[in-house]
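Below is one structure, written out as structure tokens; the observations come after it.
Start at 1 with the first residue, then count along the sequence.
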Amino acid sequence: QEWKNTFVTWDPQDFCNISKIILPMDTYWSPPIFILERVNGNGLNPNLDYMAVTHNGSFNSTQPFQVTLTCSLMILKFPFDTQTCNMSIASFLYPVTDLVMNTRQKPAEIMKDSQSYFLTDGEWKFTNLSIIEYTVEMEDGEFSVVTYVISIERRPTLYILNLILPTCALYLLDMAVLFGPSSLQEKINFQIAIILGSSMLAVILNNILPTSSNKPPIIGTH
């Protein structure tokens with residue numbers, strides 16, 4: 001966070017050329033912010049509860065957060081789906097006439113920084129980030145909001161190897177036995193084995209599919 005306080009200025013030449021000092025956060029006013037989609041606790045590191053003050057009245061505070069956000073999933077194309085989640089930052093204690101929030105960096109710069117922090121060996125691949133700055137109207141006034149729109153893409157390799165390929169193999173075997181020269185008894189026994197195998201894959205699919213979606217995935221309806 002960065003903000004300015006015109007009442008906190010000094011001439012460095014009058015104070016041994018000191019142009020920057022570090023103070024606790026509760027020394028001066030700091031803008032209180034809220035993450036609208038947050039569902040867990042604060043997640044703030046109390047050891048970094050400080051801010052830097054420069055001689056021109058500029059305040060700078062860097063505080064790492066670890067939060068869990070709500071996100072509406074659209075899993076129709078699972079496991080080849082791309083999800084878009086929002087992280088909205090606002091301060092509902094001060095209306096837009098007193099506090100206006102905006103971003104210092106451009107979306108391309110923030111995306112480049114985000115890619116350096118994102119884990120590249122997990123299930124999700126970070127693809128895009130955009131920023132929307134707007135005001136929201138409530139009963140007690142209008143408030144400034146900044147929303148980060150985060151796009152992530154699922155890595156489907158694990159699901160292809162463990163789910164899609166075995167399913168395709170079962171159906172290919174089913175067709176080969178059905179139209180093969182085997183006897184009726186052998187076909188019936190193999191069909192029962194195919195049904196049992198498909199049932200096991202359906203149980204596995206039910207355990208790994210996300211449940212927070214209005215539409216079930218195509219792979220789960222076939």
With the side chain counted from C-beta on, respond yes when P156 and I164 share a heavy-atom pair under 4.5 Å apart, and no when they do not.
no
Quick check: do W3 and S30 have side-chain heavy atoms less than 4.5 Å from each other?
yes
Residues at least two apart in sequence or cross-chain that pass disulfide bond (SG atoms under 2.5 Å apart) with C168, listed by chain then number, are none
Would you call the rings of F92 and F34 parallel, tilted or perpendicular, taking 30° and 60° as the class edges?
parallel
Can you name the residues that form a ring pair (Phe, Tyr, Trp, His ring centres under 6.0 Å) with Y28, not counting sequence neighbours?
F59
Polar side-chain atom of [X] near backbone of [Y] as donor-acceptor pair, under 3.5 Å:
X	Y	result
W29	N5	no
E123	R154	no
S151	T127	no

Taking side-chain hydrogen bond (donor to acceptor under 3.5 Å, both in side chains) as the test, write out the residues that go with T147, two or more places apart.
S88, Y134
Go through the structure and list residues passing side-chain hydrogen bond (donor to acceptor under 3.5 Å, both in side chains) with N86, not counting sequence neighbours.
none
Do V67 and V145 sit in one hydrophobic cluster, given that two such residues count as connected whenever their side-chain heavy atoms are within less than 4.5 Å of each other, even indirectly?
no
When clusters are formed by joining ILVMFWY residues with side-chain heavy atoms under 4.5 Å apart, either directly or through shared neighbours, do M25 and L23 land in the same one?
yes
Residue pairs meeting salt bridge (Lys or Arg N to Asp or Glu O under 4.0 Å), one or both in residues 130-152, sequence neighbours left out, come to none
Does any pair with a residue in residues 93-105 pass salt bridge (Lys or Arg N to Asp or Glu O under 4.0 Å), and if so which ones, sequence neighbours excluded?
E2-R104
Output the distance between atom [atom1] ([X]) and atom [atom2] ([Y]), rounded to the nearest 0.5 Å.
X	Y	atom1	atom2	value
I160	L165	CD1	CG	7.0 Å
W10	T54	CH2	OG1	6.5 Å
M111	E109	CE	CD	13.0 Å
M74	T84	CE	OG1	10.5 Å

